[in-house]
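Bear in mind the structure is a predicted one, so any value in this text is a computation, not a measurement.
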Amino acid sequence: MGSWAKPFTVQVSDADLELLHKKLELATFPDELEGAGWDYGAPLADVKRITEYWRDKFDWRKTEETINQLPQFTTEIEVEGHGSLNIHFVHQKSAAENAIPLLFVHGWPGSFLEVRKLLPILTAASPDQPSFHVVAPSLPGFGFSEAPTKPGFGGYQHAEVLNKLMLSLGYNEYVYQAGDLGHVLGVYVANAYGHKHLKAWHTNMPTYRAPTFWSNPLLILEIFTNKAVSQTLEQASRTWKKGGGYYMVQTTVPQTLAYSFADSPDGLLAWIYEKLARIVDDYHWTEDEVLEWISIYWFSRAGPGANVRIYYELTGGNKHDMFEGTKWTSVPLGTSYFPKEPIRFPKSWACLIGKVVFQAEHDKGGHFAAHEQPEKLAGDLRMMFGKGGPAYGIVPGKDGYA
C-alpha cells in the first residue's frame, strides 16, 4: 500500500447520532388504504416496525465496529474538469502473491458493503482455485467518498476514478465485477480502458441497448420465434412498468428527492427498503441488515441526497439511455443470470455488450447477487478466471493460484 493512501475508520459523531434519534422520535407516518399490501409501495406496518427498531434497538456503534473490521482507506483522485475527489475504498489482499486484481463496483441502493461476503471467499489462497486482490470503492457521492460539486460527472468521469484508483494501487492490469450501476460503469471502463488496463470483466446484470432490426436482425427475429426470449422480455416489461417509478424521478429531479432524504430518515428508509425487499429471491432481510445499509446512506459523507444524482448524470436528465457514447468492445466478458434479477434481458442479447466468453445460469438469487448468493457468484468468477476457464491467465503473471 502506497503512502498516498490513508487508513480509514468509520466514526460517526455522537452529535450526528443524537440528531438521528431526535428525527426518529419525531417521525410522522402517512395513512394507508385497507389491504394495500405492497401494491402502493412499502407497507406502512413494515416501515413503522423498522423505524421503531432503528429508534429503540439498532446499535450503530456495534455495527460501526463490525464495518471497521474491513480494511478501508481513502485517497485523492484527480478527475479531468472536476478537480480532486477523496475516494473511500476497501482493499483486501490475498496471501497469494500472484492473486488477480479485481475491482468490485456497487450500485444503488447498495454500497461498498455488498463486497463483504465475497471477501473471505475470493481472497482465500489455494493451489486449486484462483484468488483475488479485491478493491471495492464507494462511488463518488456514495458512502464515505466525496461527491462531485459540478454538473456533468457522467459515465466516463466515473470510469476515470475507478481506473485511476486501480493504477494508484499498482494494479496496471485488472479485472472487474459488478451489477446494477456498477455494470453500467463497467461498460464505460471497458470502452475507455479495455485491454490496456481492464483485461476482462464479469457482470450479474448484463444489460445494454436493445437490438434494432437494422443492426441485429437475428436477435429481433428471436423475439417472434423463440418463446423463452419473448417471455423474458414480457416479464422485464411488466417488472419495469410496476417498479420503474424510482428511475423516472432519479433521472429527472434528484434534487427534489434530496430534500426529503436529507431531513427524513424514515423517508429514506421507505424509499430504499422498498427496493431491498422487492428485488431479492426469497432473501429475508433482518432489521439490522436493512438498517446497516440505510445507515451508510444516512451517514454518508456527502449526505443522503447526493447519491441519486448519478442517475441524472448518466442519462443527461433522462434525455438518453445510460450507455450514451459507448459501443461494443472486444474485452472478454462473463455474465451470470439470477432468476429474480428484475432488469433481465435474453441471454442472447449479452453479445451486444461485448465479447462474451462465459455465461452461467442459476436457479436462485436476485438483484444483490454478492449479498444473496456470494458462493455462487464467487464460483462463477473462479470458473471464468481459473484453469481451463476462458479468461485464465488474462492478467499477465497473475493467474491467482498459490
Is it the case that the side chains of [Y] and [X] hold a donor-acceptor pair, with the cut-off being a distance below 3.5 Å and no angle test?
{"X": "E292", "Y": "T63", "result": "no"}
{"X": "D380", "Y": "H362", "result": "yes"}
{"X": "S264", "Y": "D266", "result": "yes"}

> Taking only residues at least two apart or on different chains, which pairs with a member in residues 18-53 satisfy ring pair (Phe, Tyr, Trp, His ring centres under 6.0 Å)?
Replying inline: W38-Y273
Is the count of non-hydrogen atoms from other residues, nucleotides or ligands lying under 6.0 Å from [X] atom [atom1] greater than 12?
{"X": "K355", "atom1": "NZ", "value": "no"}
{"X": "Q235", "atom1": "CD", "value": "yes"}
{"X": "K327", "atom1": "NZ", "value": "no"}
{"X": "E361", "atom1": "CD", "value": "yes"}

Check ion pair [X]-[Y] (N to O, under 4.0 angstrom):
{"X": "K387", "Y": "D399", "answer": "no"}
{"X": "E160", "Y": "K164", "answer": "yes"}
{"X": "D14", "Y": "R61", "answer": "yes"}
{"X": "R309", "Y": "E313", "answer": "no"}
{"X": "E287", "Y": "K57", "answer": "no"}
{"X": "E274", "Y": "R278", "answer": "yes"}

>> With ring pair (Phe, Tyr, Trp, His ring centres under 6.0 Å) as the criterion, how do Y174 and W201 come out once you've worked through the C-alpha distance, each side chain's angles and the decisive distance to 0.1 Å?
In response: CA-CA 9 Å; Y174 57 89; W201 67 299; over 10 Å; no
>> Which residues pass the side chain to side chain contact (heavy atoms under 4.5 Å, CB included) test with S260, not counting sequence neighbours?
In response: none
> Between L162 and Y193, is any pair of side-chain heavy atoms under 4.5 Å apart?
Replying inline: no
